[in-house]
Amino acid sequence: MTGARILGLAVAAVMIVGGAVVTYLGLSYDGGVGGETAGGDRTLGTLGPIVAGLGVALVIVVLQRRR
């Protein structure tokens, strides 16, 4: 595996994990006082899956790239 592929997979992993974290924060599953939710942030709840999806697309592109 070349260095470029390893770098691409590392960036994709960061995007996927980062997207999941941003989605989690945007949907406010962390709860609030007394189990109440804070309501979340619609922008973060939307951007998280987009970033994670682009990370998955990057994995596909890196793994299917011809030598």
Side-chain angles (χ1 to χ4, degrees):
M1 197 174 264
T2 65
R5 282 190 180 202
I6 293 171
L7 179 62
L9 291 175
V11 170
V14 168
M15 289 176 71
I16 292 169
V17 171
V21 169
V22 169
T23 302
Y24 176 81
L25 294 174
L27 296 177
S28 285
Y29 285 135
D30 56 345
V33 176
E36 301 168 359
T37 58
D41 184 2
R42 185 173 290 195
T43 303
L44 291 179
T46 303
L47 290 178
I50 292 171
V51 171
L54 290 173
V56 170
L58 182 59
V59 168
I60 293 169
V61 168
V62 167
L63 292 179
Q64 289 191 354
R65 197 165 135 199
R66 294 186 184 183
R67 295 178 190 234

Next item on the list: Treating Ile, Leu, Val, Met, Phe, Trp and Tyr as nodes and any side-chain heavy-atom pair under 4.5 angstrom as an edge, say whether V61 and I50 lie in one connected cluster.
Entry: no
Checklist line | V51-V14 co-clustered via ILVMFWY side chain contacts under 4.5 Å | finding: no
Next item on the list: Go through the structure and list residues passing side-chain contact (heavy atoms from CB on, under 4.5 Å) with V56, not counting sequence neighbours.
Entry: I16, I60
Next item on the list: Work out which heavy atom in A12 is nearest to a heavy atom in V59; give both atom names and the distance.
Entry: CB-CG2, 3.4 Å
Margin query: Going by side-chain contact (heavy atoms from CB on, under 4.5 Å), name the residues that satisfy it together with V62, two or more places apart in sequence or in a different chain.
Written below: R5, L9, L58
